Q: 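My questions all concern the structure below.
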Amino acid sequence: MTTKASSEEAPRDAAAGTTAEQSSTLPGILLCVAITAVAAGLQAIEEHSLGHPYVEALVIAILIGIAVRTAWQPGARFRPGIAFSAKQLLEIAVALLGASISLQAIVASGGALIAGIVATVVAAIAASYGICRALGLPARMAILVACGNAICGNSAIAAVAPVIGAEARDVAAAIAFTAVLGVLVVLGLPLLIPLAGLSEHQYGVLAGLTVYAVPQVLAATVPVGLLSTQVGTLVKLVRVLMLGPVVVLFSLIAPHLPGARPAAGRPGLTKLVPGFILGFLALAGLRSLGLVPDAVAWPLTKVAALLTVVSMAALGLGVDVRVLARVGGRVTLAVTGSLVLLLAISLGLIRALGIT
């Protein structure tokens, strides 16, 4: 009887444990979702008033999260859900982003330009990392700033962070300072048209190579002309496509970074390349083969964007603003120096390829 009772109670205990685990994450997830709703509302107001989201919901969410964490430290009942939102939801979002990548339009842009964009991204990552390390930033923070600067700002930082095991405060600092400079680039980049004597075509390439987010590329190029918008968007898509290979590369480098835990035995494929990156590459491949139609890709991309904002709210909630204050000066110098270097490399590429 005792044995039978014990065996009957075991499933109930397991089910109860699962239910308790789910309920323990719920308060933190709901808190992150609430912040996301506020951030989305503020972005909608911004779009209605200004026409473009100069500061996206992703950035607003992390800033609100930091503000909430500064005024009030979430208790123990919120922490499991915040941790889940910051890691697992972010990994799901990165995997789903693969559905938005297609190779057809990129191949049609020409081999020389594609090679030049790839070379620019590689050079920008290496140079930015060198600048960050010279300024005394930790290796993981340097990688975040370098990837955000070279590829696609906040999205690249969010994608690389879980692969290299970056801490929440480093992710928040990199995103916060990159976001500020991203807005300044959108506002100031058109000034280079007369200063550098750029044509609409040249300016489109420059915007695609230097502006961080796709909506910001539109904001920087639409006022200049249709050609700049088309070229800038295409070049930007090539940069975004670099995110997958770069994340895979850093997943291989991560075990050798300072403070990394040594792996026991020979790691399998999912250890060398995390599952969510395999998901990203699989969806990108299916999309390129035409097996993921627009009717499916569009909602997947929207879900990925939403989950990313929820994750950024969670990261903000895990950040002590006093830590940001201590590293703020160095991070600002690193991001600014990296951006100036990216502008120089991009202008050099335009001249080298003879783009008119």
Side-chain angles (χ1 to χ4, degrees), residues 21-40 56-97 138-141 143-145 147-148 152-179 243 247 250-251 254 257 259-261 270 274-277 279-280 302-324 327 331:
E21 182 178 350
Q22 291 173 343
S23 63
S24 69
T25 60
L26 188 59
I29 293 174
L30 290 177
L31 177 59
C32 296
V33 169
I35 293 175
T36 297
V38 174
E56 298 175 343
L58 185 149
V59 177
I60 297 173
I62 199 168
L63 294 177
I64 293 176
I66 292 173
V68 170
R69 172 66 174 79
T70 301
W72 166 71
Q73 183 172 353
R77 64 191 296 258
F78 293 98
R79 291 171 194 159
I82 293 173
F84 177 84
S85 299
K87 187 177 188 298
Q88 279 82 2
L89 291 187
L90 179 56
E91 292 178 349
I92 294 171
V94 173
L96 293 179
L97 280 176
R140 288 174 177 78
M141 170 71 88
I143 291 172
L144 294 179
V145 171
C147 292
C152 50
N154 304 325
S155 299
I157 293 170
V160 172
V163 170
I164 63 174
E167 295 184 9
R169 64 173 182 268
D170 292 339
V171 178
I175 285 180
F177 293 106
T178 299
L243 181 58
V247 173
F250 280 111
S251 72
L257 293 174
R261 295 179 180 178
T270 57
F276 67 96
I277 296 303
F280 174 94
K302 291 297 182 182
V303 171
L306 178 62
L307 292 179
T308 301
V309 178
V310 175
S311 298
M312 292 303 103
L315 287 176
L317 288 169
V319 171
D320 186 342
V321 72
R322 291 168 295 186
V323 175
L324 288 182
V327 302
V331 177

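Because the structure is predicted, anything quoted here is derived from the model rather than measured. Values below: every heavy atom of this structure, side chains too, minus hydrogens, waters and symmetry copies.
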Q: Identify, with sequence neighbours excluded, every residue that meets side chain to side chain contact (heavy atoms under 4.5 Å, CB included) alongside Phe78.
A: Pro27, Leu31, Trp72, Pro74, Ile82
Q: Measure from the side-chain N and O atoms of Ser311 to the backbone N and O of Ser85, and report whether any donor-acceptor pair falls under 3.5 Å.
A: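 Yes; judged by distance alone, with no hydrogens or angles, the pair exists.
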Q: Can you list the residues that meet the side chain to side chain contact (heavy atoms under 4.5 Å, CB included) rule with Gln73, with sequence neighbours excluded?
A: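 Only Arg69, Arg79 meet the side chain to side chain contact (heavy atoms under 4.5 Å, CB included) criterion with Gln73.
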Q: Which atom names give the shortest non-hydrogen contact between Ala57 and Ala39, and what distance separates them?
A: O-CB, 3.5 Å
Q: Any chance you could measure Ile35, atom CD1, to Leu30, atom CG, to the nearest 0.5 Å?
A: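 The CD1 atom of Ile35 sits 11.5 Å away from the CG atom of Leu30.
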Q: Partners of Glu167 by side chain to side chain donor-acceptor pair (under 3.5 Å), sequence neighbours excluded?
A: Arg169
Q: Just how far is it from atom CG of Leu89 to atom CG of Leu306, taken to the nearest 0.5 Å?
A: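 Between Leu89 CG and Leu306 CG, I get 9.5 Å after rounding to 0.5 Å.
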Q: Would you name the heavy atoms of Ile157 and Gly148 that are closest together and state the gap between them?
A: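 In terms of heavy atoms, the two residues are closest at CG1-CA, 3.8 Å.
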Q: From Leu307 CG over to Thr36 OG1, what is the distance, rounded to the nearest 0.5 angstrom?
A: 9.0 Å
Q: Between atom CG of Leu26 and atom CZ of Arg77, what is the distance when rounded to the nearest 0.5 Å?
A: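 Nearest 0.5 Å value for the CG-CZ distance: 9.0 Å.
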Q: Out of curiosity, Ile29 CD1 to Ser24 OG, how far, rounded to the nearest 0.5 Å?
A: 8.5 Å
Q: Return all side-chain donor-acceptor pairs below 3.5 angstrom for residues 158-166, not counting sequence neighbours, or 'none' if the list is empty.
A:
none

